[in-house]
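The next block holds one structure in the form of structure tokens; read it before the comments.
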Number of protein chains: 2
Amino acid sequence: MGESLHQRIRSDIEARILSGAWGPGDRIPYEHELMEQYGCSRMTVSKALSGLAETGLIERRRRAGSFVARPLAQSAVLQIPDIPAEIAARGDAYGYELLSCTRRRSTKLDRDRLRMDGRRAIPVLDLCCRHRARGEPFALEERLMNLAIVPEEAVKAFDTIPPGTWLLHHVPWTEAENRISAGPAGPAKAKLLGVSPDTACLVVERRTWRGPDPVTFVRLTYPGHLYELVARFTPTR
Amino acid sequence: MGESLHQRIRSDIEARILSGAWGPGDRIPYEHELMEQYGCSRMTVSKALSGLAETGLIERRRRAGSFVARPLAQSAVLQIPDIPAEIAARGDAYGYELLSCTRRRSTKLDRDRLRMDGRRAIPVLDLCCRHRARGEPFALEERLMNLAIVPEEAVKAFDTIPPGTWLLHHVPWTEAENRISAGPAGPAKAKLLGVSPDTACLVVERRTWRGPDPVTFVRLTYPGHLYELVARFTPTR
DNA sequence: AAGTGGTCTAGACCACGTT
DNA sequence: ACGTGGTCTAGACCACTTT
């Protein structure tokens with residue numbers, strides 16, 4: 001009941017890609033292989049694969065086969081921006097400074113920020129860093145990471161690599177939430193950003209999950225005059 | 001060459017809907033009628049209609065037929081918020097005031113705002129209105145509408161109905177762009193919003209298109225403490 | 001040259017909602 | 001009850017691209 005065969009084929013493949021079992025560039029089975037595997041006609045397989053291709057999850061190439069689409073770097077960047085890449089795209093020099101970095105067991109506040117219901121403490125990393133463009137402060141980043149998902153080995157990388165960039169390239173996510181607001185910089189952030197305390201800032205708070213598990217919470221504060229969020233989109237989808 | 005038959009069927013129907021020849025709620029021909037009309041099999045027609053249904057342009061109902069979708073107050077709300085609905089959802093009383101409303105032929109600045117390349121002037125409506133929640137100013141709206149698309153009869157409705165709400169329910173769009181930034185209210189808007197001029201505000205600029213034609217440009221200014229934009233999303237799709 | 005995906009056919013049965 | 005769309009089959013030919 002419920003699910004049709006082409007839907008099942010589609011979600012089977014989707015699951016393998018999202019779980020990471022099939023990575024970017026991997027070839028997925030040929031149509032005739034899937035026909036055998038599911039005991040169905042080619043049209044049915046084709047409908048499943050066409051759907052996946054339309055959403056951009058796979059690419060289909062004649063004579064070669066169908067492949068897990070390359071980077072989400074392209075499509076995901078539209079929604080989870082990579083700050084160094086954005087600054088580079090504007091032709092500006094990028095700068096990064098790690099301001100603080102603390103490992104601890106999660107407090108109640110941490111779990112609220114990560115939107116965890118549970119009461120159980122988990123190891124988290126709490127860090128703060130500053131992004132610069134052309135030498136000038138561009139954004140402040142306050143971040144909480146779930147160390148049950150982010151491996152400890154990664155932590156030392158954050159001395160030189162922005163954690164957002166590292167995450168984008170190493171941890172697949174299945175869901176995210178952006179919360180965008182405006183507010184004054186306030187005294188502490190004003191000092192770190194080199195602006196006056198009542199400067200209007202764009203504040204982006206983002207949470208990401210991998211399946212049921214929270215991955216990270218981040219609050220990015222941009223002085224208003226330095227940043228615009230742009231999103232182009234079509235109905236429904 | 002180039003275009004396959006199901007693509008041609010699809011774009012034929014798309015054109016009729018976007019031109020307004022077939023309006024929301026209209027029934028489009030049955031599959032078997034299209035089979036005759038194009039002299040093809042049902043699968044081919046089905047592929048065309050399925051595609052249109054996936055993008056939300058039509059709705060298909062068993063036993064009844066396929067219909068031009070009503071422009072989607074529901075699903076679009078996630079991306080193009082309807083302010084009265086949002087305020088009602090919070091349980092607050094909603095208020096609307098039309099502050100100014102001018103009909104004119106587009107200036108160069110108007111066409112820039114609408115992202116029109118052409119030099120040819122078109123009739124536009126320039127209006128400004130204020131939204132209130134619980135009696136307090138909630139947001140200012142500055143809007144430019146393309147009167148080649150929005151019918152003149154609608155204009156008088158804007159005395160009492162917010163133009164964004166009217167558009168959401170009457171004009172289908174195919175593409176939109178949000179541009180989000182933060183900045184001080186400034187003296188003029190501060191007065192209209194009842195805040196101090198240096199208050200941090202969230203500014204959302206949105207452009208929408210119907211096919212190649214610009215529909216509207218709107219700038220919404222929210223006092224920072226009153227509004228958050230929330231978007232939940234998944235990769236790819 | 002060979003084999004992939006892209007498209008299309010002419011059927012079929014079924015689920016479902018309108019009548 | 002009926003007719004719609006939803007799904008599926010077992011073929012077929014073609015265009016393209018890699019080998």
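Lettering of chains follows the sequences in order, A, B, ..., and the numbering in each one begins at 1. All values below were derived from every heavy atom in this structure, side-chain atoms included, with hydrogens, water molecules and symmetry-related copies excluded.
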- prompt: Closest nucleotide of DNA chain D for B/Met43 versus for B/His32: which of these residues is on the 5' side?
  reply: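 Whichever sits nearer the 5' end wins; that is B/His32.
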
To the nearest angstrom, how far is [X] atom [atom1] from [N] atom [atom2]?
{"X": "B/Tyr30", "N": "D/dC2", "atom1": "OH", "atom2": "P", "answer": "17 Å"}
{"X": "B/Arg60", "N": "D/dG6", "atom1": "CZ", "atom2": "C1'", "answer": "8 Å"}
{"X": "A/Glu59", "N": "D/dT17", "atom1": "CD", "atom2": "C1'", "answer": "15 Å"}
{"X": "A/Leu34", "N": "D/dC8", "atom1": "CG", "atom2": "P", "answer": "14 Å"}
{"X": "A/Glu33", "N": "C/dG5", "atom1": "CD", "atom2": "C1'", "answer": "14 Å"}

- prompt: Between B/Arg8 and B/Glu3, is the closest basic N to carboxylate O distance under 4.0 Å?
  reply: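 Not counted as a salt bridge, because no side-chain N and carboxylate O are separated by less than 4.0 Å.
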
Is the distance from OP1 or OP2 of [N] to the nearest side-chain N or O of [X] less than 4.0 Å?
{"X": "A/Arg63", "N": "D/dA15", "value": "no"}
{"X": "B/Ser4", "N": "C/dT7", "value": "yes"}
{"X": "B/Lys47", "N": "C/dT7", "value": "yes"}
{"X": "B/Arg42", "N": "C/dT9", "value": "no"}
{"X": "B/Thr44", "N": "C/dT7", "value": "no"}

field: Set of residues satisfying ring-ring contact (aromatic ring centres under 6.0 Å, His included) with respect to B/Tyr96, sequence neighbours excluded
entry: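 Partners of B/Tyr96 under the ring-ring contact (aromatic ring centres under 6.0 Å, His included) test: none.
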
task: Could I get the full list of ring-ring contact (aromatic ring centres under 6.0 Å, His included) partners for A/Tyr38, not counting sequence neighbours?
output: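 Scan of A/Tyr38 (ring-ring contact (aromatic ring centres under 6.0 Å, His included), adjacent residues dropped) gives none.
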
message: Over all strands shown, is A/Ser66 touching base, sugar-phosphate only, or nothing at heavy-atom distances under 4.0 angstrom?
response: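 Here A/Ser66 touches the backbone only, sparing every base.
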
query: How would you label the contact of A/Leu5 with the nucleic acid (heavy atoms, under 4.0 Å): base, sugar-phosphate, or nothing?
result: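 Touches sugar-phosphate only.
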
query: Could you walk me through whether B/Val218 and B/Glu142 pass the side chain to side chain contact (heavy atoms under 4.5 Å, CB included) check?
result: CA-CA 6 Å; B/Val218 60; B/Glu142 304 162 270; over 6 Å; no

